[in-house]
Amino acid sequence: MLELAIGIILGCCALGAGCAMIAGIGPGIGEGNAVAKACEAIGRQPESRGAVTTTMIMGCAIAETTGLYALIIAILLIFLAPNQLVNVLLRALGR
């Protein structure tokens, strides 16, 4: 019974980490769109290159933070959470 509970904990942590990494798709799509629109804007107004580039880089940096947060959550779910949850389970069972 205990082995099954530990297996469920490990499986759910791995599943949660995989779901968290799906959030890495968003920054890739968002940054790709931002760069495409920035190139289009520079092509239409070459003299506004500096302002467009600065704004694009700031937007890409902000969009990238969601991917980094997802990576941190996934790492925590893989390396930290299973041990903590198994310890909670063992304490609840009195072992």
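Computed from a predicted model, the values in this text were never measured in an experiment. All values below come from the heavy atoms of this structure, side chains included, with hydrogens, waters and symmetry mates left out.
Separation of atoms CD1 (Ile8) and CD (Glu3) is listed at 12.0 Å; rounding is to 0.5 Å. Between atom CD1 of residue Ile42 and atom CE of residue Met56 there is a gap of 7.0 Å, rounded to the nearest 0.5 Å. From Thr54, atom OG1 reaches atom CE of Met58 across 9.5 Å, with rounding to the nearest 0.5 Å. Here the straight-line distance linking atom CD of Glu64 with atom CG of Leu71 works out to 10.0 Å at 0.5 Å rounding. Atoms CD1 and CD, from Ile57 and Glu31 in turn, are 11.0 Å apart once rounded to the nearest 0.5 Å.
The nearest pair of heavy atoms linking Ala70 to Ala23 is CB-CB, 3.6 Å.
Taking the side chain as every heavy atom from C-beta outward, Leu80 and Ile75 never approach each other to under 4.5 Å. Cys13 has its side chain within reach of Leu85: a pair of non-hydrogen atoms, C-beta onward, lies under 4.5 Å apart. When side chains are defined from C-beta on, Leu77 counts as touching Ile73, because their heavy atoms get closer than 4.5 Å.
Hydrophobic clustering places Ile9 together with Leu90 (ILVMFWY residues linked when any side-chain heavy atoms are closer than 4.5 Å, directly or through intermediates). One hydrophobic cluster, built from ILVMFWY side chains closer than 4.5 Å, cannot hold both Leu89 and Leu4; they sit in different ones. Linking Ile, Leu, Val, Met, Phe, Trp and Tyr whenever their side-chain heavy atoms come within less than 4.5 Å puts Leu93 and Val86 in one cluster.
Thr53 contributes no side-chain N or O that, together with a main-chain N or O of Gly50, makes up a donor-acceptor pair within less than 3.5 Å.
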